[in-house]
Amino acid sequence: MIILPNTIAVCPGSFDPITVGHLDIIRRSAKLFDKVIVVVMVNYKKINSGVFTPEERVDFIKRCTADMDNVEVDNYSGLLAEYAAQKGAVAIVKGLRAMSDFEDEFQQALTNKCLNPAVETVFLTADTSNMFLSSSIVKQVCALGGDVSPFLPAPICEDVIKRLTKTERM
Ligand code: ADP
(Lines give C-alpha, C1' and ligand atoms only; values in the text may rest on other atoms or scores of the structure.)
Protein backbone atom coordinates (compact mmCIF):
# COMPACT_ATOMS: atom_id res chain seq x y z
CA MET A 1 0.00 0.00 0.00
CA ILE A 2 1.39 3.43 -0.95
CA ILE A 3 0.69 6.31 1.41
CA LEU A 4 0.64 9.59 -0.48
CA PRO A 5 3.35 11.65 1.30
CA ASN A 6 2.41 14.85 3.14
CA THR A 7 -1.21 14.61 2.18
CA ILE A 8 -4.25 15.44 4.24
CA ALA A 9 -7.71 14.16 3.36
CA VAL A 10 -11.05 15.04 4.91
CA CYS A 11 -13.77 12.46 5.28
CA PRO A 12 -17.07 14.33 5.82
CA GLY A 13 -20.51 13.05 6.75
CA SER A 14 -23.42 13.23 9.16
CA PHE A 15 -22.33 10.08 11.01
CA ASP A 16 -25.63 9.93 12.90
CA PRO A 17 -24.28 7.48 14.07
CA ILE A 18 -21.09 6.10 12.49
CA THR A 19 -21.67 2.60 11.04
CA VAL A 20 -19.30 -0.20 9.99
CA GLY A 21 -19.73 1.15 6.43
CA HIS A 22 -18.35 4.58 7.37
CA LEU A 23 -15.57 2.99 9.40
CA ASP A 24 -14.47 0.88 6.44
CA ILE A 25 -14.13 4.03 4.30
CA ILE A 26 -12.18 5.83 7.07
CA ARG A 27 -9.83 2.85 7.58
CA ARG A 28 -9.13 2.55 3.86
CA SER A 29 -8.56 6.35 3.57
CA ALA A 30 -6.08 6.20 6.43
CA LYS A 31 -4.03 3.73 4.38
CA LEU A 32 -3.94 6.10 1.40
CA PHE A 33 -3.27 9.49 3.01
CA ASP A 34 -0.80 10.77 5.59
CA LYS A 35 -3.56 12.22 7.72
CA VAL A 36 -7.33 11.82 7.58
CA ILE A 37 -9.66 14.26 9.32
CA VAL A 38 -13.12 12.82 9.84
CA VAL A 39 -15.46 15.79 10.08
CA VAL A 40 -19.02 15.70 11.36
CA MET A 41 -21.02 18.14 9.27
CA VAL A 42 -24.56 19.46 9.05
CA ASN A 43 -26.52 17.92 6.16
CA TYR A 44 -29.41 20.29 5.48
CA LYS A 45 -31.42 17.45 3.91
CA LYS A 46 -31.22 15.47 7.17
CA ILE A 47 -31.33 18.34 9.67
CA ASN A 48 -34.65 17.29 11.21
CA SER A 49 -33.85 13.60 11.44
CA GLY A 50 -30.67 13.91 13.53
CA VAL A 51 -30.67 11.89 16.74
CA PHE A 52 -27.19 12.37 18.14
CA THR A 53 -25.57 15.73 18.98
CA PRO A 54 -22.42 16.69 17.05
CA GLU A 55 -20.42 16.10 20.26
CA GLU A 56 -21.85 12.58 20.66
CA ARG A 57 -21.10 11.77 17.02
CA VAL A 58 -17.50 13.00 17.43
CA ASP A 59 -17.11 10.95 20.60
CA PHE A 60 -18.40 7.79 18.87
CA ILE A 61 -16.05 8.28 15.90
CA LYS A 62 -13.08 8.90 18.22
CA ARG A 63 -13.78 5.66 20.05
CA CYS A 64 -14.01 3.73 16.77
CA THR A 65 -10.80 5.19 15.32
CA ALA A 66 -8.68 5.06 18.50
CA ASP A 67 -6.42 2.44 16.88
CA MET A 68 -5.68 4.64 13.83
CA ASP A 69 -2.75 6.98 14.56
CA ASN A 70 -3.26 9.21 11.54
CA VAL A 71 -6.98 9.87 12.00
CA GLU A 72 -8.37 12.98 13.71
CA VAL A 73 -12.02 13.79 14.38
CA ASP A 74 -13.66 17.20 14.31
CA ASN A 75 -17.00 18.87 13.69
CA TYR A 76 -17.80 21.88 11.52
CA SER A 77 -20.98 23.67 10.61
CA GLY A 78 -19.73 25.74 7.65
CA LEU A 79 -18.76 24.99 4.07
CA LEU A 80 -16.77 21.82 3.43
CA ALA A 81 -14.69 23.55 0.72
CA GLU A 82 -13.63 26.20 3.25
CA TYR A 83 -12.89 23.62 5.92
CA ALA A 84 -10.71 21.65 3.49
CA ALA A 85 -8.80 24.84 2.58
CA GLN A 86 -8.28 25.75 6.26
CA LYS A 87 -6.85 22.30 6.93
CA GLY A 88 -4.66 22.23 3.80
CA ALA A 89 -6.44 19.10 2.55
CA VAL A 90 -5.78 17.79 -0.97
CA ALA A 91 -8.76 15.45 -1.03
CA ILE A 92 -12.30 14.91 0.15
CA VAL A 93 -12.97 11.18 0.48
CA LYS A 94 -16.52 9.89 0.05
CA GLY A 95 -17.95 6.40 0.03
CA LEU A 96 -20.16 5.35 -2.88
CA ARG A 97 -22.70 2.65 -2.17
CA ALA A 98 -24.77 2.43 -5.32
CA MET A 99 -25.94 4.41 -8.30
CA SER A 100 -28.48 6.04 -5.97
CA ASP A 101 -25.61 7.83 -4.17
CA PHE A 102 -24.04 8.92 -7.41
CA GLU A 103 -26.11 11.88 -8.53
CA ASP A 104 -26.01 13.69 -5.22
CA GLU A 105 -22.32 12.94 -4.67
CA PHE A 106 -21.50 14.08 -8.22
CA GLN A 107 -23.30 17.37 -7.64
CA GLN A 108 -21.52 17.93 -4.32
CA ALA A 109 -18.11 17.07 -5.83
CA LEU A 110 -18.58 19.51 -8.73
CA THR A 111 -19.77 22.26 -6.39
CA ASN A 112 -16.83 21.73 -4.06
CA LYS A 113 -14.47 21.82 -7.05
CA CYS A 114 -15.87 25.24 -8.02
CA LEU A 115 -15.59 26.53 -4.45
CA ASN A 116 -12.11 25.12 -3.86
CA PRO A 117 -10.31 24.00 -7.06
CA ALA A 118 -7.31 22.83 -5.02
CA VAL A 119 -9.23 19.91 -3.57
CA GLU A 120 -10.14 16.71 -5.41
CA THR A 121 -13.06 14.51 -4.40
CA VAL A 122 -12.02 10.87 -4.27
CA PHE A 123 -14.64 8.12 -4.24
CA LEU A 124 -14.06 4.75 -2.63
CA THR A 125 -16.59 2.05 -3.46
CA ALA A 126 -18.41 0.63 -0.48
CA ASP A 127 -17.54 -2.89 0.52
CA THR A 128 -20.16 -5.27 -0.91
CA SER A 129 -21.23 -6.22 2.62
CA ASN A 130 -22.03 -2.54 3.40
CA MET A 131 -23.73 -1.58 0.15
CA PHE A 132 -27.18 -1.37 1.72
CA LEU A 133 -26.10 0.17 5.00
CA SER A 134 -26.89 3.71 6.16
CA SER A 135 -27.27 5.46 9.51
CA SER A 136 -30.96 5.99 8.70
CA ILE A 137 -31.63 2.29 8.21
CA VAL A 138 -29.88 1.54 11.52
CA LYS A 139 -32.17 4.04 13.27
CA GLN A 140 -35.29 2.62 11.59
CA VAL A 141 -34.47 -1.02 12.32
CA CYS A 142 -33.57 -0.23 15.94
CA ALA A 143 -36.81 1.72 16.42
CA LEU A 144 -38.72 -1.39 15.33
CA GLY A 145 -36.83 -3.62 17.75
CA GLY A 146 -34.43 -5.23 15.25
CA ASP A 147 -30.86 -6.24 16.04
CA VAL A 148 -28.55 -3.58 14.62
CA SER A 149 -25.36 -4.85 16.28
CA PRO A 150 -23.87 -6.20 13.01
CA PHE A 151 -24.04 -2.68 11.55
CA LEU A 152 -22.35 -0.81 14.39
CA PRO A 153 -18.64 -0.77 15.30
CA ALA A 154 -17.99 -2.80 18.47
CA PRO A 155 -16.61 0.06 20.65
CA ILE A 156 -19.89 2.01 20.45
CA CYS A 157 -22.48 -0.65 19.68
CA GLU A 158 -23.98 -0.99 23.15
CA ASP A 159 -24.10 2.77 23.85
CA VAL A 160 -25.70 3.57 20.49
CA ILE A 161 -28.38 0.91 20.89
CA LYS A 162 -29.13 2.05 24.47
CA ARG A 163 -29.40 5.66 23.37
CA LEU A 164 -31.57 4.83 20.32
CA THR A 165 -33.89 2.70 22.44
CA LYS A 166 -34.17 5.47 25.07
CA THR A 167 -34.90 8.13 22.41
CA GLU A 168 -37.63 5.91 20.99
CA ARG A 169 -39.38 5.60 24.37
CA MET A 170 -39.37 9.39 24.97
P1 ADP B 1 -25.65 8.23 5.75
O2 ADP B 1 -26.16 8.12 4.36
O3 ADP B 1 -25.36 6.90 6.40
O4 ADP B 1 -26.41 9.19 6.63
P5 ADP B 1 -23.48 10.17 5.76
O6 ADP B 1 -24.17 11.38 5.31
O7 ADP B 1 -22.95 10.19 7.15
O8 ADP B 1 -24.23 8.81 5.58
O9 ADP B 1 -22.35 9.81 4.72
C10 ADP B 1 -21.01 10.19 4.78
C11 ADP B 1 -20.26 9.48 3.69
O12 ADP B 1 -20.15 8.10 4.02
C13 ADP B 1 -20.91 9.55 2.31
O14 ADP B 1 -19.90 9.65 1.34
C15 ADP B 1 -21.59 8.23 2.19
O16 ADP B 1 -21.74 7.81 0.85
C17 ADP B 1 -20.61 7.33 2.93
N18 ADP B 1 -21.26 6.15 3.45
C19 ADP B 1 -22.36 6.08 4.21
N20 ADP B 1 -22.68 4.80 4.48
C21 ADP B 1 -21.75 4.04 3.84
C22 ADP B 1 -21.55 2.63 3.67
N23 ADP B 1 -22.39 1.74 4.20
N24 ADP B 1 -20.48 2.21 2.96
C25 ADP B 1 -19.65 3.11 2.39
N26 ADP B 1 -19.80 4.44 2.47
C27 ADP B 1 -20.83 4.90 3.18
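First listed ligand is number 1; within each ligand, the first listed atom is number 1.
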>> Assigning hydrophobic clusters by single linkage (Ile, Leu, Val, Met, Phe, Trp, Tyr; side-chain heavy-atom cutoff under 4.5 Å), is I92 placed with V73?
In response: no
>> Give me the residue, atom name and distance of the protein heavy atom closest to atom 6 (O) of ligand 1.
In response: K46 NZ, 2.9 Å
>> Quick one, R63 with D159, criterion salt bridge (charged side-chain N to carboxylate O under 4.0 Å, His left out). Give me CA distance, side-chain angles, the key distance, then yes/no.
In response: CA-CA 11 Å; R63 285 159 58 186; D159 287 351; 2.7 Å; yes
>> Heavy-atom pairs closer than 4.0 Å: do any link ligand 1 to the side chain of M131, the backbone, both, or neither?
In response: neither
> If every non-hydrogen atom of V10 is compared with every non-hydrogen atom of A89, which pair is closest and at what distance?
Replying inline: CG1-CB, 4.1 Å
> For the residue pair V119 and A84, what are the closest heavy atoms and their distance?
Replying inline: CG2-CB, 3.9 Å
> Mind checking whether F15 has an N or O less than 3.5 Å away from an N or O of ligand 1?
Replying inline: yes
>> Heavy-atom distances under 4.0 Å decide this one: backbone, side chain, both or neither, for D24 against ligand 1?
In response: neither
> Just heavy atoms, cut-off under 4.0 Å: does I25 contact ligand 1 by side chain, backbone, both, or neither?
Replying inline: side chain
> Does L133 reach ligand 1 with a nitrogen or oxygen that is under 3.5 Å from one of the ligand's nitrogen or oxygen atoms?
Replying inline: yes
>> Taking D16 first and then K139, would you say they form a salt bridge - that is, a charged N and a carboxylate O separated by under 4.0 Å?
In response: yes
> What are the two closest non-hydrogen atoms of F123 and E105, and how far apart are they?
Replying inline: CE2-CB, 3.6 Å
> What atoms of ligand 1 come closer than 4.0 angstrom to any heavy atom of E105?
Replying inline: 13 (C), 14 (O), 16 (O)
> Under 4.0 Å from any heavy atom of G21, which atoms of ligand 1 are there?
Replying inline: 22 (C), 23 (N), 24 (N), 25 (C)
>> To check your reading of the model: name the closest protein heavy atom to atom 24 (N) of ligand 1, its residue, and the distance in Å.
In response: A126 CB, 3.5 Å
> Taking the six-membered ring for Trp, are the ring centroids of F60 and F15 within less than 6.0 Å of each other?
Replying inline: no
>> Could you identify the single nearest non-hydrogen protein atom to atom 3 (O) of ligand 1 and state the distance to 0.1 Å?
In response: S135 N, 2.9 Å
> Who's the nearest protein heavy-atom neighbour of atom 11 (C) of ligand 1, and how far?
Replying inline: P12 O, 3.8 Å
>> Within the 4.0 Å heavy-atom shell around G13, which atoms of ligand 1 are there?
In response: 7 (O), 10 (C)
>> Show the atoms of ligand 1 that are less than 4.0 angstrom away from any heavy atom in S134.
In response: 3 (O)
> How does C11 reach ligand 1, by side chain, by backbone, by both or by neither, if only non-hydrogen atoms under 4.0 Å count?
Replying inline: neither
>> Only heavy atoms of D101, strictly under 4.0 Å: list the atoms of ligand 1 that pass.
In response: 16 (O)
>> Exactly one of V58, I18, D74, T53 should register a side chain to side chain contact (heavy atoms under 4.5 Å, CB included) with V40. Which one does?
In response: V58
>> One pair to check against side-chain contact (heavy atoms from CB on, under 4.5 Å): N70 and D34. What are the steps and the verdict?
In response: CA-CA 7 Å; N70 61 337; D34 248 0; 6.0 Å; no
> With only distance considered, is G95 within less than 3.5 Å of ligand 1 through an N or O on each side?
Replying inline: yes
> Backbone or side chain, does any N or O of H22 fall under 3.5 Å from an N or O of ligand 1?
Replying inline: yes
>> Just to be sure I'm reading this right: ignoring hydrogens, which of K94, R28, R97 gets closest to atom 21 (C) of ligand 1? Compare them by their nearest heavy atoms.
In response: R97
>> Run R27 and D67 through salt bridge (charged side-chain N to carboxylate O under 4.0 Å, His left out) and show every step you take.
In response: CA-CA 10 Å; R27 202 174 284 286; D67 63 329; 3.2 Å; yes
> Is E56 paired with R163 through a side-chain N to carboxylate O contact shorter than 4.0 Å?
Replying inline: yes
> Below 4.0 Å from any atom of ligand 1, is there a heavy atom belonging to T19?
Replying inline: no
> What about S136: any of its N or O atoms under 3.5 Å from an N or O on ligand 1?
Replying inline: no
> Relative to the ring of Y83, is the ring of Y76 parallel (under 30°), tilted (30 to 60°) or perpendicular (over 60°)?
Replying inline: tilted
